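In what follows, a single structure is set out as structure tokens and then discussed.
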Number of protein chains: 4
Amino acid sequence: MRARTFTESGRRAQIVRAAIAVIAEAGYAKASFSRIAKQAGLSSTGMISYHFAGKDDLLKACVTEIEEITGAFMQPRIDAAVGHVAQLRAFVEANVELVGEHATELRALIDLVKNAGSRSDAVDGRLALFEEHFRTGQAAGVFGAFDARITALALTTGLDAVVATAAANVPEPAELTRIGRELADLYVRATAPESTGGPE
Amino acid sequence: MRARTFTESGRRAQIVRAAIAVIAEAGYAKASFSRIAKQAGLSSTGMISYHFAGKDDLLKACVTEIEEITGAFMQPRIDAAVGHVAQLRAFVEANVELVGEHATELRALIDLVKNAGSRSDAVDGRLALFEEHFRTGQAAGVFGAFDARITALALTTGLDAVVATAAANVPEPAELTRIGRELADLYVRATAPESTGGPE
Amino acid sequence: MRARTFTESGRRAQIVRAAIAVIAEAGYAKASFSRIAKQAGLSSTGMISYHFAGKDDLLKACVTEIEEITGAFMQPRIDAAVGHVAQLRAFVEANVELVGEHATELRALIDLVKNAGSRSDAVDGRLALFEEHFRTGQAAGVFGAFDARITALALTTGLDAVVATAAANVPEPAELTRIGRELADLYVRATAPESTGGPE
Amino acid sequence: MRARTFTESGRRAQIVRAAIAVIAEAGYAKASFSRIAKQAGLSSTGMISYHFAGKDDLLKACVTEIEEITGAFMQPRIDAAVGHVAQLRAFVEANVELVGEHATELRALIDLVKNAGSRSDAVDGRLALFEEHFRTGQAAGVFGAFDARITALALTTGLDAVVATAAANVPEPAELTRIGRELADLYVRATAPESTGGPE
DNA sequence: TATGAATGAGACTTCATTCAT
DNA sequence: CATGAATGAAGTCTCATTCAT
């Protein structure tokens, strides 16, 4: 059985899932109404226009759907972590771990966000979240004195790339766990306070 | 007169430059032969098909052209640096600095790579370069024991995002320099050996 | 509550009134079942198809509805006039006066008749009425020796144009009265006997 | 050989003529790119989009084309007339006479103007021309004291209706001449000064 | 080389109508 | 009666590509 979030139901949800599948497999550029209709088992593209105001509307619904799925997976794990560093690590590891369960959705989401143009509240939100997280952590003394915005940008996009690569060719669960730990280590190192062990 | 690399000449080069301009300004999705022809001052798209085997061929030529331009700027700066860490820093700083001189080309390149699908020799090459650089640096003891491939992937894409953001809204030269230094610092921290930092 | 003629009732009448409103506001070409359903507060176009055999059927019902409304207004005024000339004048003045009370319906009617194609019993009827009126008036010596058909055609359509113009931007009642009088004067002049003004 | 005005040439003109034919025969509403392409012997509607910026552009070109044709016929006849009354008569008669040579174009033009929405410079121009003609004629004492605007509106649209009717079922040339004379008589009567018929 | 014309496919959207519930 | 879904056709428009000149 497919996962289904509470915001969608019936044909509308079916179309959204078909769109996600097409975007994940064929890419954003090839995700035409024709392909999506075929994937959804619909006889015409008119049905999509019937359920959605336009292509943007459908794509937004896809993003919303995926974010609900990913949020349901990641949020508890992030909330379970205590402290700024642990939460950073939890976010990274949860995101990579997610590849094991929702590779298709993640591939679609990343492609959607890449080609979002302007309408990317989601990415902007995450970026702002990271930036704010860094700032409060810096105030608490658990992060170094780096530029919060630049760092947030570099680390979130780097995370996306690792996730995308993993999603394109899903590895074993153990390897996935290792990748998440590696990346989290990297980010923890990158954001650690200067203090003692600073070489060079 | 615009810089002209040795691989392109005459109309072909003119079309490539027009394509780069269109991609940078209107985005990959809107970069049709029509727009490119108009930008190039051509009265028909036929000339583009005459000079290029197809759209892919033209886009590849764009990537090649941009890489030569960026390479000419970055390579000397990288070569001037001595040691693995310094070269990593030089690469990052040069890439950010490049925004000041070739924002258009960088915007186009990033859009091109985003929508590359599979055929991204350039990105794969840079990724392999970073990975190899990390491995030899690790052997030399100047980098930590991280996973070279994952780290290369995260850091190169993070760098791209920072460059793209800067290119989309080019800041003052001084600010550009600061951003490069910040990012380089971040990456050096992220890749540094754990405890007794061994210099080189 | 809106006026309701005896031929229509319930949902059917509601749809007809919605259609009239849409045609008047958005124009014949934009009067799709979707728009009409929305205007009628219906959630689906299915109800329209249920109540009407097809689009033509609905449009005919609109014409009928409007004609009853306009007839109820104009007929008493025409009947009150005595003599061919006075009746001509009464028709013209009543029609223009009608703009003050049923501009929406008149705008819709004119648009409907314009795009009638062939099935315009209403217009044909009025044309025949005028023609016959002119003929009997000529026999009575109160009209000149003009061609009744050509004159009827030119005057009825000219009247429509004046009404349409007034309905599109409804003027003050006094101005409306003046326009009606002006136009009636014009038509009386145009149809008067040549030399010795024939009384009646 | 078909008439061809100097503003159009080649395929563009061919498409315009096809569009005019389709509008005249099938009506404005049915004049889709598909029908026009078929009429023009084109294999696809893309060709129309290639030559015209959009449907509006094509329709405007049709109007322009027809106006050149009609203008070439009518203008000399109007210019040959001396005096306001004679020119009014010349305009009416020339317009009706035109049915004998360009019925198709006239039917198309009338349908185009009817569905013009806003972009009807042509009709507005003619209306203004009539209105101004009436005003100057009134100042010269050859027209009565009627409202120039209302009269212009009623007479021009009445003329259109007579022309459209004739064009839909073209009568013999002699009958055409008679219709023109009848209508001109009507209009001259309608606009004549009240009492002492002052000629010119 | 260069042009302009032509093609055929495919894009998104809207429409009137039908039908099961 | 009423709804919402579904259909299939047709609409305008853009695209990459080809070809004769």
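Below, chains carry the letters A, B, ... as their sequence lines are ordered, and counting in each starts from 1. Hydrogens, waters and symmetry mates are skipped; everything else that's a heavy atom, side chains included, is used. Since this is a predicted model, take the numbers as computed values, not measurements.
Within 4.0 Å (heavy atoms only), Phe33(D) reaches sugar-phosphate atoms of the nucleic acid but no base atom.
Between Asp160(B) and Arg126(B) there is a salt bridge, with a side-chain nitrogen of the basic residue lying less than 4.0 Å from a carboxylate oxygen of the acidic one. Between Asp57(B) and Lys60(B), no side-chain nitrogen of the basic residue sits less than 4.0 Å from a carboxylate oxygen of the acidic one, so the salt-bridge criterion is not met.
Note: OH (Tyr28(A)) to C1' (dA11(E)) measures 13 Å, nearest angstrom. In this structure, the CZ atom of Arg11(B) is 9 Å from the P atom of dT1(E), given to the nearest Å. Atom CG in Leu59(C) sits roughly 14 Å away from atom C1' in dC15(E) (whole-Å rounding). For the pair Leu42(B) CG and dA2(E) P, the computed distance is 8 Å after rounding to whole Å. One interatomic measurement links the two molecules: CZ of Phe52(A) to P of dT14(E), which rounds to 15 Å at whole-angstrom precision. Nucleotide dC12(E) holds its P atom 8 Å from the CD1 atom of Ile48(A), rounded to whole Å. Spacing between atom CG of Leu58(C) and atom C1' of dA16(E) amounts to 12 Å, rounded to whole angstrom units.
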Counting only pairs under 3.5 Å, give me each side-chain donor-acceptor contact of residues 42-55 of chain A, with atom names and distances, residues two or more places apart or in other chains.
from	atom 1	to	atom 2	distance (Å)
Ser44(A)	OG	Gly46(A)	N	3.2
Lys55(A)	NZ	Ala31(A)	O	3.0

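Phosphate contact (OP1/OP2 of dG4(E), side-chain N/O of His51(D), threshold under 4.0 Å): absent.
Lys30(B) is linked by a side-chain contact (heavy atoms from CB on, under 4.5 Å) to Ala26(B), Arg35(B), counting only residues two or more places apart in sequence or in another chain. Partners of Val63(C) by side-chain contact (heavy atoms from CB on, under 4.5 Å), not counting sequence neighbours, listed by chain and number: Glu67(C), Leu109(C), Leu112(C), Ala122(C).
With a cutoff of under 4.0 Å to any heavy atom of chain A, the contacted region of DNA chain F is bounded 5' to 3' by dG4(F) to dG8(F).
In this structure, the side chains of Asn115(C) and Asn115(D) come closer than 4.5 Å at one or more pairs of heavy atoms. Using a 4.5 Å cut-off on side-chain heavy atoms (C-beta onward), Leu59(A) and Tyr28(A) make contact.
A donor-acceptor pair under 3.5 Å is formed between the side chain of Lys114(C) and the backbone N or O of Lys114(D).
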Find every protein N or O atom lying less than 3.5 Å from an N or O atom of nucleotides 8-10 of chain E, and list the pairs.
from	atom 1	to	atom 2	distance (Å)
dG8(E)	OP2	Ser43(D)	OG	3.4
dG8(E)	N7	Ser44(D)	OG	3.4

Worksheet entry | Watson-Crick and G-U pairing of DNA chain E written in dot-bracket, each distance under 3.5 angstrom, with | for inter-strand partners | .||||||||||||||||||||
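Between the CD1 atom of Ile36(C) and the CD1 atom of Ile23(C) there is a distance of 6.0 Å, given to the nearest 0.5 Å. Atom CG of Leu106(A) sits about 12.0 Å away from atom CG of Asp111(A), to the nearest 0.5 Å.
Between Gly41(D) and Gly41(B), the residue whose closest nucleotide on DNA chain E is further toward the 5' end is Gly41(B). With DNA chain F read from its 5' end, the first of the two nearest nucleotides for Ser49(D) and Arg35(D) is the one closest to Arg35(D). Residue Gly54(D) is the one, among Gly54(D) and Tyr50(B), whose nearest nucleotide of DNA chain F lies closer to the 5' end (criterion: closest heavy atom).
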Practice prompt. For the pair Glu105(D) and Thr70(D), evaluate side chain to side chain contact (heavy atoms under 4.5 Å, CB included) and give the outcome as yes or no after the intermediate values.
Written response: CA-CA 9 Å; Glu105(D) 286 80 1; Thr70(D) 61; 5.6 Å; no
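Under the 3.5 Å distance criterion, with hydrogens and angles disregarded, no donor-acceptor pair is assigned to the side chains of Arg17(B) and Gln14(B).
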